[in-house]
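Numbers here are sequence positions counted from 1.
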Amino acid sequence: MSSRLLLGVYPHFDEFLEATRKLRKEGFRDLVLFSPTARHELEEVLEEGPSVVRWFVLVGALLGCLSGYVMTVWMNQDWPIIVGGKPIGDWDLSGTQPYVVPMFELTILLGSIFNLVGLFVNARLPRIRVEAYDPRFSDDHFGIQVRTSEDKIAAAEAILSKNGAKEVKRV
């Protein structure tokens with residue numbers, strides 16, 4: 001079943017917010033909201049959960065820490081640095097002093113790289129083309145983009161129109 005895009009343009013924020021609430025209440029989940037300014041009410045209406053970017057950071061940091069340890073132990077096989085008579089690659093934490101700095105540095109490095117990757121993945125960047133956009137959204141109007149199936153497009157169009165949309169168009 002093919003999906004269609006619907007774009008509603010609103011001159012007033014209250015009508016825009018109410019239309020968004022009604023669309024969510026009716027079960028429309030694939031919404032993109034356009035606003036000239038950041039408004040915290042939009043986050044509440046969309047009911048988005050916490051970001052999953054933090055899991056990217058955790059995985060990157062753990063990989064960085066592990067790779068820092070493995071790298072230093074592997075290099076110590078060729079160029080041994082004996083600290084206090086401890087064996088190379090000892091799992092005892094008292095013998096890991098030469099490994100701590102590379103482990104820390106790679107934890108920070110890979111954690112931040114994975115953070116950036118997670119940001120791009122979850123924001124779906126780079127976005128080559130925007131499907132529906134009106135230049136008025138950068139000035140003084142608000143917009144709702146609804147992606148829905150053919151059988152529900154009339155219901156979405158009715159909700160947008162009833163709640164004061166200045167313009168409703170199929171994209």
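Two residues are said to be in side-chain contact when any heavy atoms from C-beta on lie closer than 4.5 Å; F56 and N122 meet this criterion. Within the 4.5 Å cutoff, the side chain of L42 has heavy atoms near those of the F13 side chain. Between L66 and L62 there is no side-chain heavy-atom pair separated by less than 4.5 Å. Side-chain contact between K25 and R21 is absent, with no heavy-atom pair separated by less than 4.5 Å. Side-chain contact between R4 and S149 is absent, with no heavy-atom pair separated by less than 4.5 Å. A heavy-atom distance below 4.5 Å is not found between the side chains of F114 and V53.
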Checklist entry - Stepwise, does the side chain to side chain contact (heavy atoms under 4.5 Å, CB included) test hold for L6 with T148? => result CA-CA 8 Å; L6 206 60; T148 184; 5.7 Å; no
Checklist entry - L17 and F142: side chain to side chain contact (heavy atoms under 4.5 Å, CB included), yes or no, with the steps? => result CA-CA 9 Å; L17 192 61; F142 301 91; over 6 Å; no
Item to check | From CA spacing to verdict: salt bridge (charged side-chain N to carboxylate O under 4.0 Å, His left out), E157, K152 | outcome: CA-CA 9 Å; E157 202 166 17; K152 292 184 178 181; over 6 Å; no
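When all heavy atoms of F16 and F34 are compared, the pair lying nearest together is CZ-O, 3.9 Å. Minimum interatomic distance between G60 and L110 (heavy atoms only, all atoms of both residues): O-CB, 3.2 Å. Of all non-hydrogen atoms in P11 and G164, the two that sit nearest each other are CD-O, 4.1 Å. Taking every heavy atom of both residues into account, F137 and G8 meet most closely at CZ-O, 4.4 Å. Between A19 and Y10, the shortest heavy-atom distance links the atoms CB-OH, 3.1 Å. Considering all non-hydrogen atoms of both residues, G68 and L106 come closest at CA-CD1, 3.5 Å.
Between the CG atom of L63 and the CD1 atom of I113 there is a distance of 11.5 Å, given to the nearest 0.5 Å. One finds the NE2 atom of H12 at 13.5 Å from the CG atom of N163 (value rounded to the nearest 0.5 Å). Atom CG of D134 sits about 12.0 Å away from atom CD of Q145, to the nearest 0.5 Å. Here OG1 of T20 is found 7.0 Å from CG of L46. Values are rounded to the nearest 0.5 Å.
A donor-acceptor pair shorter than 3.5 Å can be found between the side chains of Y99 and N76.
Side-chain atoms of N115 never come within 3.5 Å of backbone atoms of G111 as a donor-acceptor pair (strictly under, hydrogens ignored). Counting only distance, with no hydrogens or angles, the side chain of S161 and the backbone of A158 share no donor-acceptor pair below 3.5 Å. With hydrogens and angles ignored, the 3.5 Å screen pairs a side-chain donor or acceptor of R29 with a backbone N or O of R24.
Side-chain heavy atoms closer than 4.5 Å link hydrophobic residues (I, L, V, M, F, W, Y) into clusters, and following such links, possibly through other members, connects L5 to V32. No single ILVMFWY cluster, assembled from side-chain heavy atoms under 4.5 Å apart, contains both L7 and L23. The same ILVMFWY cluster, assembled from side-chain heavy atoms under 4.5 Å apart, contains both V168 and I153. Note: the hydrophobic cluster containing Y133 does not contain I144 (ILVMFWY, side chain heavy atoms under 4.5 Å, direct or indirect links). Residues V59 and V57 are members of separate hydrophobic clusters, defined by side-chain heavy-atom contacts under 4.5 angstrom among Ile, Leu, Val, Met, Phe, Trp and Tyr.
No more than 12 heavy-atom neighbours from other residues, nucleotides or ligands sit within 6.0 angstrom of CZ on R124.
In summary, of the residues considered (R136, K166, E167), a side chain to side chain donor-acceptor pair (under 3.5 Å) with H141 occurs for K166 alone.
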